[in-house]
Amino acid sequence: MIERVIALAALAQSLKLVQQLASLGQTEQHPESVLFDSLFRFEADDAETIYGGTETLGRGLDRGLRELLALLGHGPKDPAVGRMGLTLLALERSFVRHPTAGERVQSTLRDVERQRQHLGPMHPTVINRLGDLYAEQVSPIGQRVLVQGNPVYLGQPPIVAEVRALLLCGLRAAVLWRQMGGSRLDFLLRRRAMTEAAHQLLSPLD
């Protein structure tokens, strides 16, 4: 259950940052960088490694763990995060069933990784390429994620690219959740176990 909760926390964090960008035009760099890093951990053995390792996991996914707890009924939740989350989980189904999408995305990510090492992990060119990857290879194959916010920000190409890059991170987390055995039944039958796992991951910070 811990690994499923890690994946769901990453999904929630991706969408929380999307909503912040759409509403405020900016967000914090550290929680964002943890998500972007996860896209390039191709050979990781478990969810902890994908999101930074056990020593930094709770801090790196702090925002997502707290948002997940809110969605499970422990605190004020952001309805936009829940709505986008359901859409992204549906998109994940279309993505994994597509005959070529996964291979194309991974091939492009390996190419972006070389550029990332040269320019830096948060360079605008890298973010733009991740945003383009989502728009070209992911968005057309399933239900579109509706992002609502301030039109002033959502009309700016750099913010749109960053939003799309974060949606790609959210999709990565959704795929991981399913690979770890996650299903919609978790939200019906395993809410208590999920809540306990989230609190366990947050406990070193509280």
Side-chain angles (χ1 to χ4, degrees), residues 1 3-39 47 50-51 57-95 127 130-131 134-135 138-139 142-151 153-154 159-178 180 182-188 190-199 201-202 205:
M1 183 56 71
E3 295 210 323
R4 292 186 212 172
V5 166
I6 290 169
L8 285 176
L11 172 59
Q13 184 156 304
S14 300
L15 297 177
K16 186 67 175 178
L17 297 181
V18 163
Q19 194 58 31
Q20 283 190 342
L21 278 170
S23 302
L24 305 174
Q26 60 183 358
T27 189
E28 298 95 335
Q29 183 170 339
H30 178 63
E32 197 172 36
S33 66
V34 169
L35 298 171
F36 288 145
D37 287 348
S38 74
L39 294 173
I50 290 170
Y51 293 103
L57 183 63
R59 193 169 304 281
L61 291 180
D62 170 73
R63 301 288 300 280
L65 287 164
R66 297 187 191 282
E67 191 64 33
L68 177 60
L69 284 170
L71 292 169
L72 292 171
H74 301 274
K77 63 182 178 181
D78 185 338
V81 171
R83 172 179 50 77
M84 290 189 292
L86 289 174
T87 305
L88 203 53
L89 288 176
L91 179 59
E92 179 268 342
R93 293 284 79 197
S94 299
F95 176 76
I127 304 301
L130 294 175
Y134 179 86
V138 177
S139 188
Q143 186 176 354
R144 294 178 67 88
V145 179
L146 179 62
V147 178
Q148 296 177 322
N150 189 325
Y153 301 126
L154 290 175
I159 290 180
V160 172
E162 198 169 349
V163 163
R164 288 171 173 166
L166 284 167
L167 289 175
L168 185 64
C169 295
L171 177 68
R172 198 267 193 268
V175 170
L176 177 63
W177 173 68
R178 192 82 63 174
M180 296 299 173
S183 74
R184 298 291 180 93
L185 288 176
D186 287 349
F187 295 97
L188 297 174
R190 304 179 184 96
R191 296 172 72 91
R192 181 174 179 179
M194 292 166 66
T195 298
E196 290 174 353
H199 280 303
L201 290 164
L202 280 169
L205 305 178

If you count the non-hydrogen atoms of other residues, nucleotides and ligands that lie under 6.0 Å from [atom1] in [X], is the total more than 12?
X	atom1	result
E28	CD	yes
R184	CZ	yes
Q26	CD	no

Mind checking the [atom1]-[atom2] spacing from [X] to [Y]? Nearest 0.5 Å is all I need.
X	Y	atom1	atom2	result
I159	L24	CD1	CG	10.0 Å
L167	E162	CG	CD	11.5 Å
L61	Y51	CG	OH	7.0 Å
T27	L21	OG1	CG	5.5 Å
L88	S14	CG	OG	8.0 Å
K16	L71	NZ	CG	9.0 Å

| said: Before you tell me yes or no, could you show the steps for R83 and Q148 under side chain to side chain contact (heavy atoms under 4.5 Å, CB included), namely the whole-Å CA-CA distance, both residues' side-chain angles and the distance that decides it to 0.1 Å? | reply: CA-CA 11 Å; R83 172 179 50 77; Q148 296 177 322; 3.5 Å; yes

Shortest non-hydrogen separation from [X] to [Y] and the atoms involved:
X	Y	result
L154	A22	CD2-CB, 3.8 Å
G60	H30	CA-NE2, 3.9 Å
A12	G64	CB-O, 3.7 Å
Q19	D78	CG-OD2, 3.7 Å
L15	V81	CD1-O, 3.7 Å
A197	V5	CB-CG2, 3.7 Å

Is R178 salt-bridged to E92, cutoff N-O under 4.0 Å?
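Yes, this pair counts.
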
query = Got a salt bridge between E67 and R63, using NZ or NE/NH1/NH2 to carboxylate O under 4.0 Å?
reply = no

Evaluate the side-chain proximity of [Y] to [X]: yes if any heavy-atom separation is below 4.5 Å, no if none is.
X	Y	result
P31	D62	no
H199	T195	yes
Y134	V145	yes

Before giving the answer on side chain to side chain contact (heavy atoms under 4.5 Å, CB included), spell out for L91 and Q143 the whole-Å C-alpha distance, their side-chain angles and the decisive distance to 0.1 Å. CA-CA 6 Å; L91 179 59; Q143 186 176 354; 5.6 Å; no

*asked:* Before you tell me yes or no, could you show the steps for N150 and S23 under side chain to side chain contact (heavy atoms under 4.5 Å, CB included), namely the whole-Å CA-CA distance, both residues' side-chain angles and the distance that decides it to 0.1 Å?
replied: CA-CA 5 Å; N150 189 325; S23 302; 5.8 Å; no

Quiz item: Does R4 use its side chain to pair, donor to acceptor, with the backbone of L176 at less than 3.5 Å?
Solution: no

Using a 3.5 Å distance criterion without hydrogens, assess whether the side chain of R191 forms a donor-acceptor pair with backbone atoms of L72. yes

Exercise for review: Evaluate side chain to side chain contact (heavy atoms under 4.5 Å, CB included) for V138 paired with F95, printing each intermediate quantity in order.
Suggested key: CA-CA 7 Å; V138 177; F95 176 76; 4.3 Å; yes

All side-chain contact (heavy atoms from CB on, under 4.5 Å) counterparts of L8, not counting sequence neighbours =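 Here the qualifying residues are L11, L68, W177, F187, M194.
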
